[in-house]
Protein chains: 2
Amino acid sequence: MGGVSTSKQLPQPDRGEIRVDAVLQALGEPVRLTIVRALAGVPEGIACGELELPVTASTRAHHLRTLREAGVLTTRTEGTRRISKLRRDDLDALYPGLLDGVLAAKH
Amino acid sequence: MGGVSTSKQLPQPDRGEIRVDAVLQALGEPVRLTIVRALAGVPEGIACGELELPVTASTRAHHLRTLREAGVLTTRTEGTRRISKLRRDDLDALYPGLLDGVLAAKH
DNA sequence: ATCGTAGTACGATCCTCATCGAACTACTTC
DNA sequence: GAAGTAGTTCGATGAGGATCGTACTACGAT
């Protein structure tokens, strides 16, 4: 087939639409916090399948959707893969220090 | 009676026992976030009754307990009143920037 | 002791949400 | 097209928790 590399951005809130309630609620769930910690170490993003989590694929998809709709991460479709990465710039601009503070936590 | 002013500290986790999951989950609830915002402006603490919230007294007590057990605030009994204040020092030490980031949020 | 005030504890109800399995979509390869 | 792979969506289930009213405790004042 043609060398057209499809790449679509999944729906997500603009920076101005992000609500701190939603962000905190999204981060306040162990599995999702694990995802955020994993993404924090890989600026270029991670495919869903690479994430090692103690839940099934459908639950993982659910958590990624929750994080995306809260404005915590962004997801881009590349072929059959979906690459997610943290919206560091937006979060740091809206809530300076929040993400770093969370990631500084030992346990 | 004698001029003995009773003053008791309600049970709360030590700094080392505070878990980031619990803190984020506690903050990720609109009413509780309102409480935290109110406390942030009054370093000396606020009595439960002073808080103006769209919930009944029992629900307010429930949220204050949740915040206390998560390590977000501390409560001291003074006579018949219970004064709550943010555990700023502990939170800033554990998660530097987190609280400030949350409080920086516009809405 | 009695009453009033401040706040908590308990039990019930209702709603949100984390989880799973199964069915489905989208892309790639053969 | 058929098969395979990556990931989502849907429906059901079960657990957690936000809320309320009522009963209760603790302290202060009369």
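In the text below, chain A, chain B and the rest are named by the order of the sequence lines, each starting its count at 1.
Rounded to an integer number of Å, the gap from B:Leu64 CG to C:dA9 P is 11 Å. Rounded to whole Å, the distance from CD on A:Glu50 to C1' on D:dA6 is 11 Å. Taking atom CD of B:Glu69 as the reference point, atom C1' of D:dG16 lies 15 Å away to the nearest angstrom. Atom CZ of A:Arg81 and atom P of D:dG4 are 19 Å apart (whole Å). Atom CZ in B:Arg76 sits roughly 17 Å away from atom C1' in D:dA26 (whole-Å rounding). Summarising the geometry, the separation between CG on A:Leu10 and P on D:dT9 is reported as 8 Å, rounded to the nearest angstrom. At whole-Å resolution of the value, CG in B:Asp21 and P in D:dG17 are 12 Å apart. Rounded to an integer number of Å, the gap from A:Leu27 CG to C:dA18 C1' is 16 Å.
Between A:Thr59 and B:Thr75, the one whose closest nucleotide on DNA chain C sits nearer the 5' end is B:Thr75. Each of A:Arg65 and A:Thr80 lies near DNA chain D, and the nucleotide nearest A:Thr80 is the one positioned closer to the 5' end.
The pair B:Glu52-B:Arg60 does not meet the salt-bridge criterion, since no charged nitrogen lies less than 4.0 angstrom from a carboxylate oxygen. The existence of a salt bridge linking A:Glu17 and A:Arg15 is excluded, since no basic side-chain nitrogen approaches an acidic carboxylate oxygen closer than 4.0 Å.
Side-chain proximity of B:Lys8 to D:dC27, D:dT8, D:dG21: nearest is D:dC27. The A:Ser58 side chain lies nearest to C:dA22 when the options are C:dT8, D:dG17, C:dA22. Distance from the side chain of A:His63 is smallest to C:dT19 among C:dG7, D:dT19, C:dT19. Relative to the side chain of A:Glu29, the nucleotides D:dG21, D:dG7, C:dT19 differ in distance, and C:dT19 lies closest. Residue B:Arg32 has its side chain nearest to D:dA18 when only D:dA18, D:dC20, C:dG7 are considered.
Nucleic acid contact class of B:His62 (heavy atoms, under 4.0 Å, all strands): base. Across all strands, B:Gln25 comes closer than 4.0 Å only to sugar-phosphate atoms, never to a base (heavy-atom distances).
Pairing each heavy atom of B:Pro30 with each of A:Asp21, the nearest pair is CA-OD2, 3.4 Å.
Remark: the B:Thr75 side chain and the B:Arg82 side chain contain no N/O donor-acceptor pair separated by less than 3.5 Å.
To the nearest 0.5 Å, atoms CG (A:Leu94) and CZ (A:Arg87) are separated by 8.5 Å.
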